[in-house]
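This report concerns only the one structure given below.
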Amino acid sequence: MERYDPQAIEVKWQSFWEKEGYFRVTEDRTKKKYYLLEMFPYPSGKIHMGHVRNYAIGDVVARYKRMRGFNVLHPMGWDAFGMPAENAAIENNTHAAKWTYENIDYMRAQLQRMGFSYDWDRELATCRPEYYRWEQLVFLKMFKKGLAYKKKTYVNWCELCQTVLANEQVVDGCCWRHLDQDVVLKEMDSWFLKITDYAKELLEYCDRLPGWPEKVLTMQRNWIGESHGAIIRFPIVDSDHVIEVFTTRQDTVFGATFLCFAPEHPLVKELTKGSDKAKEVEQFVERTLKIDTFMRTADFTVKEGVFTGRYCLNPMTREEMPIYVANFVLYEYGTGAIMAVPTHDQRDFEFAKKYGLSLKIVIRPADKDLTEEGMIEAYVDEGILVNSGPFNGMPNMEALERIADYLESKGMGYKTVNFRLKDWGISRQRYWGAPIPIIYCPKCGVVPVPEDQLPVLLPLALDLKEGGRSPLPYEASFYETECPRCSGPARRETDTMDTFVESSWYFERFVSPRYENGPFDKQKIAYWMPVDQYIGGIEHAIMHLLYSRFYTRVLRDMGYLKIDEPFTNLLTQGMVCKETFKCAEHDYLYPEEVKEQRCIHCGKQIKIGGSVKMSKSTKNVVDPQRLIDRYGADTVRMFCLFASPPERDLEWSDEGVEGAWRFLNRVWRLLIENRERLSDVKPYDGRVALSSNLRDVHWKTHQTIKKVTEDIEDRFHFNTAISAIMELFNEINQFLNNSKEISGVAWSVLKEAVEPMVILLHPVVPHITEELWEILGHGKSLTTVSWPTYRKEALEKESRLVVIQVNGKVRSRIEVPVSLAEKEIQDQALRDKRVQRFIGDKEIKRVIVVQRKLVNVVV
RNA sequence: GCGAGAGUGGCGGAACUGGCAGACGCACUGGACUUAGGAUCCAGCCCGCAUUGUCGGAUAGGGGUUCGAGUCCCCUCUCUCGCACCA
């Protein structure tokens with residue numbers, strides 16, 4: 001008998017599909033389009049299990065939709081700019097570009113070996129000028145519309161490296177390359193994209209994305225963080241300055257007794273300049289800024305601050321309020337300053353207690369009395385206004401509105417909506433990224449590179465400087481240029497763009513990846529966009545998806561496309577996890593470093609850790625390549641899909657892979673052993689009456705088609721779809737094993753079961769099914785075969801099992817005809833011997849009958 | 001810390017709308033076949049039992065709603081993801 005030889009079969013069909021060009025698509029108006037996209041990978045070296053899982057999920061959907069008659073766009077490309085290339089260049093003494101392109105070649109071959117049905121003609125890499133030139137163009141257009149602007153910001157800086165550090169390069173407040181070197185915050189001029197202009201729309205459209213998981217939408221809503229409130233102006237004593245604060249509690253303004261600045265606030269320096277407080281304040285600011293923001297502002301962190309020596313006036317009471325700098329105030333949120341109402345805000349209360357600042361109650365609860373002296377925490381609930389001049393006696397919810405109106409009428413402030421969302425900082429002081437197309441001219445200032453001079457090429461003949469510094473600011477041939485306006489000597493921007501910019505529009509470039517007259521061909525974009533189904537890791541739930549939604553709107557407002565949202569449906573898949581091995585001496589160990597629960601280096605007993613996301617740092621990775629070599633791509637695909645539903649984390653199990661392998665072998669054997677008989681008959685057509693065994697096979701066949709179709713179509717639960725196919729297989733197999741002689745009718749029923757089984761399996765394990773389909777005597781490739789449909793008549797059964805409970809506990813089961821009336825079922829249930837035993841002589845209080853399912857007798 | 005999720009046998013998971021808890025697979029145990037088995041086939045497999053019963057208990061822990069809760073509500077615990085320069 002022919003053995004199942006996945007290596008031979010898989011390569012055979014991969015080259016067949018490629019030769020026939022089955023997955024290359026063009027705009028075909030006779031078919032419904034379906035744009036399926038998985039998040040493109042960063043070319044880090046070789047594919048990992050996370051990729052395999054993500055793309056296996058996508059490939060099932062792509063192949064399924066094709067079989068349902070859709071014109072499926074399924075592209076793949078590379079998110080090719082980024083920091084790991086720079087790190088690898090330093091470590092391996094190579095060039096970021098060389099490293100990246102080699103990785104791409106290797107990983108492309110791996111993806112092809114997995115049999116994913118991509119249209120490879122559309123492949124793109126974001127590090128190619130043909131790609132990033134359009135990003136530069138869009139940047140220029142954004143600059144001209146005021147959507148790209150520069151402002152000061154703070155970055156992590158290592159004095160030894162003389163470079164900016166990414167958050168992940170900061171370890172416990174120190175540089176990752178110099179663990180004894182404190183990271184300092186350095187002020188820097190950076191480019192920002194004005195995503196806040198779209199905050200309102202991005203928020204509102206969260207309600208119009210029914211195809212997205214609710215948890216992702218909730219996270220996005222919270223991230224955007226809309227809050228309604230007011231800006232209130234506090235004039236500074238002995239100064240022309242007015243401090244604006246944002247508050248959602250303008251109802252408490254009469255109780256504001258001091259004011260706090262965020263440490264970064266520029267007015268802090270100005271107000272203390274030359275005063276005796278200057279030094280103390282500066283030291284506090286410096287100390288505070290070293291602590292990262294979320295530790296600094298955590299609830300449990302002690303509220304700290306320093307008095308600036310200056311005062312401002314409460315615009316309502318005209319009383320003087322001391323001005324502080326406080327650790328819990330965020331510069332990035334609101335105006336970077338707050339009015340402190342210690343009686344009605346817990347943080348303000350703690351701060352006031354610590355520094356002996358005055359308290360003034362302005363809201364009184366209905367049910368109890370409050371006194372300033374007796375307060376042990378802030379009163380933050382609703383109540384009636386007191387000590388608030390004309391607003392006394394007003395419920396605070398009403399006062400919110402009325403006080404805002406009053407402030408507005410007196411010019412002391414205005415109602416406003418504030419968002420937590422900040423503008424998107426895109427400047428990176430890095431080499432391996434897309435250059436920002438701006439020129440600085442001593443005479444003309446900030447000048448955009450003329451569009452006809454694009455792209456600003458990233459010079460490839462450069463190496464990273466000491467400490468990983470970008471060579472761009474040191475490379476005269478790059479930065480020296482002439483001003484496009486005055487032709488005088490000028491300097492290029494040497495910052496590159498955040499790689500999130502590339503991934504914010506690649507899905508739009510895929511519709512016309514070689515188009516040379518603009519970022520995309522409008523006709524094609526009109527046909528393909530939006531993406532019907534986007535699939536990727538849950539870790540991108542906020543930033544990547546929000547940036548993409550923003551960027552798509554920017555392109556819309558520039559007239560490039562007419563859609564609002566890029567992704568109609570979203571599937572967020574969980575991580576691939578595995579247990580870890582840890583040795584007391586040698587830290588994390590690879591599985592091959594463990595022998596009989598001991599470390600092979602020192603012989604110490606190892607500790608088996610809980611299952612966490614596969615990663616190099618915890619050494620719990622499984623290399624997909626090894627599995628492909630051993631079992632073939634089909635087995636790997638099957639395991640990834642079978643082990644858990646996509647949105648949950650996947651628990652890695654080598655034994656589970658073995659199980660998938662065995663199942664494919666069983667399917668293979670069943671067909672090979674019966675190939676002659678199966679190819680000789682026609683599938684059962686429903687005309688001849690069947691014996692009960694055969695009727696079960698027939699029923700199971702149609703039941704399985706229904707179940708698998710619904711599992712894939714409605715909820716992407718491939719694990720249960722595969723289970724259902726396994727059940728059908730078991731049914732067929734058992735029939736074959738239990739029958740001494742198999743009639744012609746039986747063979748036809750078996751064929752009616754086996755063929756859909758092969759087709760249903762095809763999206764999951766495309767190679768083996770193609771081979772089996774051929775063995776069954778079919779000429780055409782399975783990729784062109786339609787998805788099977790089930791016959792309703794085949795699913796009808798004449799009787800039904802009804803569960804009988806007494807007081808909610810199952811006590812008996814009866815078979816009843818489907819047509820039996822509710823009353824009849826109830827009677828039959830009550831007559832049941834076992835039920836009677838449990839009822840005994842107790843009184844029947846109530847009987848609940850659920851049609852065709854259950855009877856509950858309450859006694 | 002804040003925001004969002006998740007928790008079911010030895011393990012991965014199933015139970016989709018509140019209606020038989022544990023489908024399917026793995027591991028394990030016993031048997032068959034075999035020169036051999038890490039191949040294959042058959043059977044068993046949540047826990048408990050001084051009543052082996054279509055008995056009792058059991059879906060992280062505690063409480064509630066309901067004729068009925070893994071599923072809905074409240075509290076607690078644990079784990080995971082995101083937190084704006086990793087992608």
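Residue numbers start from 1 in every chain, and the chains themselves are labelled A, B, ... in the order their sequence lines are given, proteins ahead of strands.
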Using the test side-chain contact (heavy atoms from CB on, under 4.5 Å), find all partners of [X] that sit at least two apart in sequence or belong to another chain.
{"X": "A:Ser615", "value": "A:Ser617, A:Thr618"}
{"X": "A:Arg428", "value": "A:Arg430, A:Thr496, A:Asp498"}
{"X": "A:His544", "value": "A:Met39, A:Phe500, A:Ser503, A:Tyr506, A:Tyr534, A:His540, A:Ser548"}
{"X": "A:Glu655", "value": "A:Ser653"}

Going 5' to 3' through nucleotides 26-36 of chain B, assign each nucleotide B (protein heavy atom under 4.0 Å from a base atom), S (under 4.0 Å only from sugar-phosphate atoms) or - (no protein heavy atom that close).
-> SS---------

Residue pairs passing the side-chain hydrogen bond (donor to acceptor under 3.5 Å, both in side chains) test where at least one lies in residues 801-813 of chain A, sequence neighbours excluded =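 Listed once each, the pairs are A:Ser812-A:Asp832.
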
Watson-Crick or G-U stems of RNA chain B, 3 or more pairs, under 3.5 Å, by first number |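 Counting only runs of 3 or more consecutive pairs, the stems involving RNA chain B are B:1-7 with B:77-83, B:10-12 with B:24-26, B:28-32 with B:40-44, B:46-48 with B:55-57, B:60-64 with B:72-76.
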
Identify whether any heavy atom of A:Ile722 sits under 4.0 Å from a base atom; if not, whether one sits that close to sugar-phosphate; answer base, sugar-phosphate or nothing.
->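 Since no nucleic acid heavy atom lies under 4.0 Å of A:Ile722, the category is nothing.
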
Tell me, please, which residues at least two apart from [X] pass salt bridge (charged side-chain N to carboxylate O under 4.0 Å, His left out).
{"X": "A:Lys613", "answer": "none"}
{"X": "A:Asp207", "answer": "A:Arg221"}
{"X": "A:Glu187", "answer": "none"}

Protein-nucleotides 17-21 of chain B N/O pairs closer than 3.5 Å?
unit_1	atom_1	unit_2	atom_2	d
B:rG19	N2	A:Gln805	OE1	3.2
B:rG19	N2	A:Asn856	ND2	3.3
B:rC20	O2	A:Arg813	NE	2.8
B:rC20	O2	A:Arg813	NH2	2.7

Among residues 493-504 of chain A, which residues get a heavy atom nearer than 4.0 Å to RNA chain B?
-> A:Thr499, A:Phe500

